[in-house]
A.B. asks: 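Okay, handing you the structure first.
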Amino acid sequence: MLRIAVPNKGSLSGPAAEMLHEAGYQQRRESKELRIVDPENEVEFFYLRPRDIAIYVSSGRLDIGITGRDLLIDSGANAEEILPLGFARSTFRYATKPGAAKGVQDLSGMTVATSYEGIVAKHLADNGIDASVVHLDGAVETAIELGVAEVIADVVETGTSLRNAGLEVIGEPIMKSEAVVIRRTGADGEEPKVQQFLRRLQGVLVARTYVMMDYDIRAEHLEEAVAITPGLEGPTVSPLHNEGWVAVRAMVPTKEAQRIMDDLYAIGARAILTTAIHACRL
């Protein structure tokens, strides 16, 4: 069986379980379950702390795992990202008191407090900055006020908590993170069961990103309509009973569907419909 590590809690857990369910895999019914077997799909799921998943995968005990890109890099584990999943997005940045620094180049000789010591140490080293890193498990915003550090590095969403602590974001983002599928570095990338798993998740990603659009258009406007809805390899075009009309079907980005419908209507398309895609293979 394919052995897969899944986050057991936190912001990664729920969306990961939902995506796996959409991909046709069984998921645990109770949060206390640490392992389940999906015999129909020949998969065994292990529910682990998100921070530990890269370590387990890098050991070879588990074939692949779902974790955050930030946690993968911070772990320093011998594992690599093979598929971004598009959820649990975050931005990792430095922050300090106003006027204390403008960017990473100003951090030499300072102390940086963070819950992601591996990421920060690597970023400082990559930029040639000699600074100290202090590991804290959480609430790093208070580190500056309490004199533990001059700078913090943390996940920033709206920046509200930083402003409330009297801090400001400085410099460019350290990194952008999201949920990713990982495997041990150097593992067989063509292993059939792994490829099948990735195809299923990619199918979910496409289904979430696109809708199917159908519409009728007069044949003389077909080329103009196809330019608006090119589809992937090209739209499906079928003649209608009424002479001079054709039916067109194409996949279009969900976020652009309303604008595309307006553009099609403007050139004479009618009976424009969109339907959700529940699963696909490209």
Side-chain angles (χ1 to χ4, degrees), residues 2 4 6 15-27 38 40-43 63-66 69 80-89 176-183 187-282:
L2 190 66
I4 302 174
V6 183
E18 183 180 353
M19 176 169 279
L20 291 169
H21 177 73
E22 290 181 36
Y25 294 104
Q26 294 182 24
Q27 288 297 286
D38 181 351
E40 291 187 5
N41 291 301
E42 298 184 330
V43 172
D63 299 301
I64 52 180
I66 295 175
R69 182 180 295 130
E80 61 185 0
E81 174 183 335
I82 55 175
L83 179 68
L85 297 178
F87 63 85
R89 288 192 171 103
K176 292 183 181 292
S177 182
E178 65 182 292
V180 296
V181 179
I182 66 171
R183 68 179 176 197
D188 181 9
E190 300 303 319
E191 205 282 321
K193 290 182 181 179
V194 172
Q195 288 301 309
Q196 182 187 64
F197 179 79
L198 295 177
R199 281 195 299 272
R200 287 197 182 192
L201 294 190
Q202 287 168 334
V204 172
L205 291 172
V206 172
R208 290 178 173 183
T209 306
Y210 290 86
V211 292
M212 190 66 72
M213 185 169 289
D214 293 89
Y215 58 91
D216 301 338
I217 188 99
R218 289 199 59 82
E220 59 264 30
H221 298 304
L222 177 59
E223 291 305 315
E224 191 176 357
V226 169
I228 297 172
T229 60
L232 298 183
E233 281 78 31
T236 299
V237 180
S238 306
L240 292 178
H241 179 72
N242 290 337
E243 186 175 353
W245 284 81
V246 294
V248 182
R249 162 170 280 200
M251 290 172 63
V252 303
T254 304
K255 292 181 179 180
E256 300 178 25
Q258 292 295 335
R259 177 190 60 77
I260 291 172
M261 293 175 80
D262 291 338
D263 292 346
L264 289 171
Y265 192 90
I267 64 171
R270 296 295 182 266
I272 310 170
L273 307 173
T274 62
T275 52
I277 301 170
H278 297 291
C280 72
R281 296 290 185 276
L282 297 182

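The shown structure was predicted, so the numbers you read here are calculated from the model rather than taken from an experiment.
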A.B. asks: Strictly distance-based, threshold 3.5 Å: is any side-chain N or O of Arg270 a donor or acceptor partner for the main-chain N or O of Tyr215?
C.D. replies: no
A.B. asks: Grab the two heavy atoms, one from Gly24 and one from Asp38, that are nearest each other, plus how far apart they are.
C.D. replies: O-OD2, 4.3 Å
A.B. asks: Let me confirm one number: the CG-CZ distance from Asp63 to Arg183, rounded to the nearest 0.5 Å.
C.D. replies: 11.5 Å
A.B. asks: Under 4.5 Å between any side-chain heavy atoms of Val43 and Ile4, yes or no?
C.D. replies: yes
A.B. asks: Mind checking ring-ring contact (aromatic ring centres under 6.0 Å, His included) for Tyr210 and listing every partner two or more places apart, or none if nothing turns up?
C.D. replies: none
A.B. asks: Taking the side chain as everything from C-beta on, heavy atoms only, tell me whether Leu264 gets closer than 4.5 Å to Val248.
C.D. replies: no
A.B. asks: Which atom names give the shortest non-hydrogen contact between Leu2 and Glu191, and what distance separates them?
C.D. replies: CD1-OE1, 4.5 Å
A.B. asks: Grab the two heavy atoms, one from Glu178 and one from Leu85, that are nearest each other, plus how far apart they are.
C.D. replies: OE1-N, 3.6 Å
A.B. asks: Rounded at 0.5 Å granularity, tell me how far CG in Leu83 sits from CG in Leu201.
C.D. replies: 6.0 Å
A.B. asks: What pair of heavy atoms forms the shortest contact from Arg249 to Asp214, and how long is it?
C.D. replies: NE-OD2, 2.8 Å
A.B. asks: Using the rule side-chain contact (heavy atoms from CB on, under 4.5 Å), only one of Ile228, Val246, Ile272 pairs with Ile217; which is it?
C.D. replies: Val246
A.B. asks: Supply the atom-to-atom distance Ile277 CD1 to Met251 CE, rounded to the nearest 0.5 angstrom.
C.D. replies: 4.0 Å
A.B. asks: Give a yes or no on whether the backbone of Lys176 and the side-chain of Arg69 come within a donor-acceptor separation of less than 3.5 Å.
C.D. replies: yes
A.B. asks: For the atom pair CG (Leu273) and CE (Met213), what is the distance rounded to the nearest 0.5 Å?
C.D. replies: 9.0 Å
A.B. asks: Begin from the C-alpha positions of Leu205 and Met19 and carry the test side-chain contact (heavy atoms from CB on, under 4.5 Å) through to its verdict.
C.D. replies: CA-CA 9 Å; Leu205 291 172; Met19 176 169 279; 3.5 Å; yes
A.B. asks: Identify the two heavy atoms, one from Ala207 and one from Ala279, that lie closest to each other, and give their separation to 0.1 Å.
C.D. replies: CB-N, 4.1 Å
A.B. asks: When you compare the side chain of Gln196 with that of Arg199, does any pair of heavy atoms fall below 4.5 Å?
C.D. replies: yes
A.B. asks: As a test of understanding, state which of Val180, Ile182, Leu20 forms a side-chain contact (heavy atoms from CB on, under 4.5 Å) with Ile66.
C.D. replies: Leu20
A.B. asks: Under the side chain to side chain donor-acceptor pair (under 3.5 Å) rule, what pairs show up with a residue in residues 216-228, not counting sequence neighbours?
C.D. replies: Arg218-Glu220
A.B. asks: Would you check if Arg200 and Tyr25 make a side-chain contact, meaning some heavy-atom pair closer than 4.5 Å?
C.D. replies: yes
A.B. asks: Backbone N or O of Thr209 within a donor-acceptor pair of the Thr254 side chain at under 3.5 Å?
C.D. replies: yes
A.B. asks: In Å, rounded to the nearest 0.5 Å, how long is the span from CD of Glu22 to CD of Gln27?
C.D. replies: 11.5 Å
A.B. asks: Where do Phe87 and Pro15 come nearest, in terms of heavy atoms and distance?
C.D. replies: CD1-CB, 3.3 Å
